[in-house]
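Note that ligands are numbered from 1 as they come in the structure, with each ligand's atoms numbered from 1 the same way. The chain is numbered in sequence order, starting from 1. Since this is a predicted model, take the numbers as computed values, not measurements.
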Amino acid sequence: MSSDWILDEKQYAGEEHLDPEQVATYDEKIPFDPTAEISLLQEYGLSAGDTVVDFGTGTGVFPLAVADYCSRVVAIDIAEPMVDITRRKVAEQALDNVEVVHDGFISYQHQGEPADVVFSKNALHHLPDFWKVEALKTVGDTLKEEGVFRLRDLVYSFDPQDSHDEIEQWLEEMEPTVFTNEELHAHFREEFSTYDFLLEAMLEEAGFEILDTTYTRGFYAAYTCKWNGDLE
Ligand SMILES: C[S@@+](CC[C@H](N)C(=O)[O-])C[C@H]1O[C@@H](n2cnc3c(N)ncnc32)[C@H](O)[C@@H]1O
């Protein structure tokens, strides 16, 4: 079968994630404390014998933290510099239950016991909508029946009629942060954040039941979902 029509995921990964110099300062620039996410996953059943998979792991903050609370962690990223930095951290901390895999949301094929939990933060918006659904199909193929998918991303939950005003206002609010104006503008121009109603439909069509949804400031979303695909 020809695979020439399959998206080259690396081309969409974001230039800043493919540049070792920028990746070296990523944790300083965009700190992430995964404690609340791990507590929430424990409420949804995360336990010591579980397998956890993280798509678009970046510098590996989540997999390194969750490794203490489960039996196997697979951390996946399409950008080599991200994979290198995560592998280095895993080696430095001598973690023997974290595997770092250089692969994509769409192309990954899970090996071993199906995952109990899949996590992904701020990665899915790198893919255009058709390919988001392909990525969600990979998540389903990775999970056990009734496994939990925790998805966080930049998602638009404002009224489409207000898009220009909402985006201009968000850009104004974001200006004093660590991101340059060019980086902020490029998010809208070059990346693929989508609307809440589209992403909810994609999740449901891909076989997920959405258990919990949080939308913040019109730009950020978090979903906790259950994989029901094989039961339909
Ligand atoms: C904004 S960073 C978020 C990193 C991390 N999840 C966090 O929240 O700190 C997005 C990450 O997704 C990765 N990524 C983008 N597209 C991907 C794809 N198709 N498959 C796997 N990883 C991807 C990028 O290389 C980058 O490391």
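Under a 4.0 Å criterion applied to the non-hydrogen atoms of Gly104, ligand 1 contributes the atoms 20 (N), 21 (C). Close approach to Gly58 involves these atoms of ligand 1, each under 4.0 Å from a residue heavy atom: 4 (C), 27 (O).
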Please set out all donor-acceptor pairs under 3.5 angstrom arising from side-chain atoms of residues 11-18, sequence neighbours excluded.
from: His17; atom 1: ND1; to: Ala13; atom 2: O; distance (Å): 2.7

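Note: Tyr223 and Tyr215 have perpendicular aromatic rings, judged against thresholds of 30 and 60 degrees for the angle between ring planes. Classification of the Phe55-Tyr108 ring pair by plane angle, with boundaries at 30° and 60°, yields perpendicular. Aromatic ring orientation, Tyr156 versus His187: perpendicular (interplanar angle above 60°, classes split at 30° and 60°).
None of Val118, Leu211, Thr224 except one satisfies the side-chain contact (heavy atoms from CB on, under 4.5 Å) rule with Val148; the exception is Thr224. When each of His126, His125, Lys121 is tested with Asp153 by the rule side chain to side chain donor-acceptor pair (under 3.5 Å), just one qualifies, namely His125.
Geometric assessment of Lys226 against the ring of Phe149 yields a negative cation-pi assignment under the 6.0 Å and 45° thresholds.
With a 4.0 Å heavy-atom cut-off, ligand 1 is reached by the backbone of Thr57 but not by any atom from C-beta on.
Residue Asp77 has at least one N or O atom closer than 3.5 Å to an N or O atom of ligand 1. Looking at ligand 1, you won't find any N or O of His126 less than 3.5 Å from one of its N or O atoms. The N/O atoms of His125, backbone and side chain alike, include none that comes under 3.5 Å of an N/O atom in ligand 1.
Looking from atom 8 (O) of ligand 1 to the surrounding protein, the closest heavy atom is Lys121 NZ, 2.6 Å. Atom 10 (C) of ligand 1 has Asn122 O, 3.3 Å as its closest protein atom, hydrogens excluded (heavy atom only). Nearest protein heavy-atom neighbour of atom 19 (N) of ligand 1: Glu9 OE1, 2.8 Å.
Checking Ser120, Ala79, Gly56, Gly60 against atom 4 (C) of ligand 1, the nearest heavy atom belongs to Gly56. When the options Leu127, Ile78, Asp103, Val23 are ranked by their closest heavy atom to atom 14 (N) of ligand 1, first place goes to Ile78. The closest heavy-atom contact to atom 20 (N) of ligand 1, among the options Tyr26, Phe105, Tyr108, comes from Phe105.
For the pair Lys89 and Thr59, the tightest heavy-atom approach, listed with the atom from each and the gap, is NZ-O, 2.8 Å.
Ligand 1 has at least one atom lying under 4.0 Å from a heavy atom of Ala13.
A 4.5 Å side-chain heavy-atom check between Arg152 and Arg150 finds at least one atom pair inside the cut-off.
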